[in-house]
Amino acid sequence: MRTKSLKGRDFLAETDFTREEIETILNVAEDLKRERAKEIYHDDLLRSKTLFMIFYNQSLRTRNSFEAGMTQLGGHAHYLDPSKIYTPVMEGREVAYSTERVSDVARVLDRMGDAIAIRCYGDPVDWDYGAAHAMLREFARWADIPVLNMEDDVYHPFQGLADIFTVKERFGGFAGVKFVMSWAYSPSVHKPRAVPQSAILYATMMGMDVTLAHPEGMDLAPEILSQCKEFAEANKGSFEIVHDFEEAIEGAHVIYPKAWCATPIFQPPIGKASVEKTQAIFDQHKDWICTQAIMELADKNAIYMHCLPADRGFEVTDEVMDKTEGPGWTSVIFNQAENRLHVQKSVMTLVM
Ligand code: CP
């Protein structure tokens, strides 16, 4: 376990870390979770430290798991609404007296606190794919304290950590686990890609047998897919892409069906800035819903996963979401949500 190498690091993308470093984070999360269950408290680990959290988008789980996590570690998480400060923007996008350049915001906050966490994707960057991630990198370039990614338009690295932590808890490890990340229908086309991209990156990094399932036209970013192929090869796992929902689920141990946007929603040159074209692709695939019958195709001990919030009745039925115990396959969505707290406490302890 090499914990020293993590001190002071930003946590912006899982691809910035080695498998050994990610496993260290999971091990520390396991310790923190186990000890908290035994009422051993950790309020000396980040005593008197401050985490600034800037949310350009809404949140239930991310905000509350970071806030609760900082409280449990003895520090304080400070919520910043971009519309109530001078909205941080990249150089060249400033509007007098309503925005402030990222480089200035970063250098002010690093004089006062110990880490900056940011969520930004979609509308705040006009669906210009990669622009939000670039802004987080710009914060990190200027801040002398760690910058944490609470979800941008490319990665959701804390959600992905909680996901593999949950898989490890359930199956005891990763080798031989068939992990299916699948697209599912939603009436809303404004769905970022970060969750599926982070999920398949971590799953291939950990050497699982990973299937990415989606209808034609729902492709994820090509550079993410190339990275997954490399990870699968290096870590003795596998990676395949299929376009048939039922075929993907057969024999799976992990079933993670979730909507993400189609490429035309993004600004050119990646997309066509067209909600209509995106909607047209979505509307052809309303049958991509995770039902009990779909779950019956999986391994008998399979788990249903979702980062939440889920679109009940569209992405998944109530019967699947709410089968959180009993014989056979189960839904682990609330374990996943809880595990956000434990993995984030681990990363904050290690980097701050
Ligand atoms: N899964 C997740 O990031 O949830 P929130 O949008 O509620 O933070």
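When a ligand or atom number is given, it counts from 1 through the structure's own listing order. Scope of the values below: all heavy atoms of this structure, side chains included, with no hydrogens, waters or symmetry mates.
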Which of the atoms in ligand 1, numbered in the order shown and given with their element, are less than 4.0 Å from a heavy-atom of [X]?
X: C307; answer: 1 (N)
X: H156; answer: 2 (C), 3 (O)
X: L308; answer: 1 (N), 2 (C), 4 (O)
X: L60; answer: 5 (P), 7 (O), 8 (O)

Evaluate the ring planes of [X] and [Y], with Trp represented by its six-membered ring, and classify them as parallel (under 30°), tilted (30 to 60°) or perpendicular (over 60°).
X: H285; Y: W183; answer: perpendicular
X: F66; Y: F158; answer: perpendicular
X: W127; Y: F266; answer: tilted

(request) Quick one: look at N57 and ligand 1, take heavy-atom pairs under 4.0 Å, and tell me if it's side chain, backbone, both or neither. (result) neither
(message) Just to be sure I read this right, does ligand 1 sit under 4.0 Å from the backbone of R340, its side chain, both, or neither, counting only heavy atoms?
(response) side chain
(request) Look at ligand 1 and say whether R119 reaches it with a heavy atom at a distance under 4.0 Å. (result) yes
(message) Looking only at distances, can you tell me whether any N or O atom of T62, backbone or side chain, sits closer than 3.5 Å to an N or O atom of ligand 1?
(response) yes
(request) Give a yes/no verdict on a cation-pi contact between R193 and Y129, requiring under 6.0 Å between NZ or CZ and the six-membered ring centre and an angle within 45° of the axis. (result) yes
(message) When you compare the side chains of D163 and Y202, does any donor N or O come within less than 3.5 Å of an acceptor on the partner?
(response) no
(message) I'd like to know if the side chain of T317 pairs up with that of Q292 as donor and acceptor (distance under 3.5 Å, no hydrogens or angles considered).
(response) no
(message) I need the nearest protein heavy-atom contact for atom 4 (O) of ligand 1: residue, atom name and distance, please.
(response) R61 NE, 2.9 Å
(request) Work out which heavy atom in G69 is nearest to a heavy atom in M348; give both atom names and the distance. (result) C-CE, 4.2 Å
